[in-house]
Amino acid sequence: MLAFFLFAFHFAVTLQSTLKQADDGQILLHSDDFLQQKTIGLDGQWYFFPSQLVDPQNVEGLLKGATTIKGSGGWKFDSQDMQKQVEGYGTYYLKVNLDTQDINLAMQIPYIETAYNLYIDNRLVASGGVVSASVNGAEPGFNSSIITLPQNVDAFTITLQVSNYHSAWGGIWLPFVVGEVDAIYSERQALVALSVFIIGVLAVTVAFYLIQYYLRPSDKIPLAFACFCFILFLREFTAEHMHFALAFLGFGHALVVKLNYLSFYIALPAVIYFMQLCFRHSFNSKLLRVLYGVSIIYSLFVLFSPTRYIGLSLTSYQIFALLTFIYILNGLIMAARAKQLGANMMILGGMFVIVFAINDMLHANGIINTGRLINIGIVALIICQSYIINKRFNNIITDNESLTEQLQQHNADLEALGAQLEIKVEQRTTQLKLVNKELKNLVNIDSLTGVLNREGLQQHLKSAYERLRRSHEPSSIILFDFDHFKRINDTFGHDAGDKILVSGAKVIQNFIREQDKLIRWGGEEFLVLLPDTELNGAEYIGNKLRRAISEQLADEIPNNVSVEITVTGGVSEFRRDETFEVLFKRADNALYKGKKAGRNCIRS
């Protein structure tokens, strides 16, 4: 942590320029300024000509009509009566007085929205895009470069013509930086080296986690983290000191702007999804869906809006992102309290990201002068995530070693028992065959009536369906139900009811064929499976059984009490490619029709 903070401090403080304030369009640079700090930012009050593209040779004669404006932070005019507009054009002017001896100076041109011409004295030294007083003639561009300044002079002037019709931010956002030539180039190289380092870290991380996902595709965490790092990989190319790479690849201004905003806006839902996968029970899924939705809306706004309007969403999204980070941190704290693996280390990485994200927001709004550090925080998060992965691997290795020791002990015990088991296995096998036979009967046979139960029906159903599909032979079922059976139980007792069920089952078995099957479906319901029987034949058999039951069970009620015992039945025939459940439902519906028709009948 100490080494990492020193690394971040180096890029946050030592590489940042000291700001020096201009007054009424003039600034004085001393040799001592460059002894204390190698580079100086030209901030303060510059002269400004709104809605005028003033040539450098004409500036001196027009200074009385000029206003003053801050040399950073965009077009924020000091004059209250001037229209505060973003789109338009104007001219910045600053006179730099020098009290330096034998110092070769250079100047770093910052990112300027969105087109400019830069003159030192009367000489055009740099430009970006096409500056124009009309939107039709202007073209956006970016060209953050370094120029050498005149040597052995007491003063020089900076005239900057700027036009903006393609961005929500106008003017100079970061100050011009002046310093020794070596210091300027060293600072630029250090920032490029930092970006290249971060790009390398992100590229390696993406590759590593994609390999992890390839090896374990069921685990989505590596894929989510790889996507998150790839988004940041793209975003790092949009840093102002990396524009040379995008220009080399042929990226236009609009594409660079959209990539810059979009990579920020979609990085947030990516990290939310990653945290959700890691600590699912620590976050509210409904709230997360809302956060996803907000991020998607902002991202679509970036994709389909002109570049001049995209920047208007930045401040609100930064606030939304900060609140989201706080919510994620709260979820991580809950996970840590629940002692989930890696939660404490992820809190540390999350704190790095939040601190550096706040730094970037404050820096972007000119409140502090530190630099863009969010991706350094991402490197910290990657380090913390790598620690968690190694911790998991170590736990797996430890568990495997423990399991190996237990397995060896179990193997030794098994070898000792092996000889005894061979003898016992033979004895147990014989016993199990007998027990299995008994269990099969117990499972498939109804204990009261001795006929098949639902489980016993399954094997016959399978053969019936096979026969139906193979030969198209008709098959049917009859579903019987004893009428008013509850009344019989309540009046004469359950023993009498059981006796009726047993006798009824015997009557049915005596009348059906050998290939027919009788099943007690449940309670007072019986089902008869009739292979090779059409619907009419099943109805005939059903009525035959109904009459036999009524005649032969009339004397089953004890104490010589005369009572009529009747059954109602429903008949249905197998149809090809239908399930038994559908077949049974039709028989049950037919039974219900018989009940409604007055009972003691067979319906189909």
Test of ring centre spacing under 6.0 Å for F301 and Y309: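 Distance test on ring centres: not under 6.0 Å, no.
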Y317-Y261 aromatic ring centre distance below 6.0 Å: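 Y317 vs Y261: aromatic centres not under 6.0 Å.
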Residue from S299, S313, S295 passing side-chain hydrogen bond (donor to acceptor under 3.5 Å, both in side chains) with Y265: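 So the option named by the test is S313.
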If only atom types and distance count, is the side chain of [X] paired as donor or acceptor with the main-chain N or O of [Y] below 3.5 Å?
X	Y	answer
Q161	V54	yes
Q151	L149	yes
T114	G170	no
T307	H166	yes
D55	Q57	no
Y89	V131	no
K258	V302	yes
D121	R123	no

Do other residues, nucleotides or ligands put more than 12 heavy atoms under 6.0 Å from [X] [atom1]?
X	atom1	result
K391	NZ	no
Y387	OH	no
N152	CG	no

For [X] and [Y], work out which heavy atoms get closest and say how close.
X	Y	value
A336	N344	CB-OD1, 3.2 Å
T91	L53	OG1-CA, 3.4 Å
T68	D24	CG2-OD1, 4.3 Å
P110	I172	CG-CG2, 4.1 Å
F264	A321	CZ-CB, 4.3 Å
F283	G331	CE2-CA, 3.7 Å

Short side-chain donor-acceptor distance under 3.5 Å, [Y] and [X]:
X	Y	answer
E180	N104	no
Y165	S132	no
S195	E236	yes
Q276	Y292	yes

Criterion side-chain hydrogen bond (donor to acceptor under 3.5 Å, both in side chains) on N164 and E87, from CA distance to verdict: CA-CA 5 Å; N164 174 49; E87 294 185 8; over 6 Å; no
Worked verdict on Y298 versus S316 for side-chain hydrogen bond (donor to acceptor under 3.5 Å, both in side chains): CA-CA 10 Å; Y298 273 92; S316 60; 2.8 Å; yes
Derivation of the ring-ring contact (aromatic ring centres under 6.0 Å, His included) call for F228 and F274: CA-CA 8 Å; F228 172 59; F274 168 70; 7.3 Å; no
Those residues that, when tested against K20, pass salt bridge (charged side-chain N to carboxylate O under 4.0 Å, His left out) (two or more places apart):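 In terms of salt bridge (charged side-chain N to carboxylate O under 4.0 Å, His left out), with neighbours along the sequence ignored, K20 is linked to D33.
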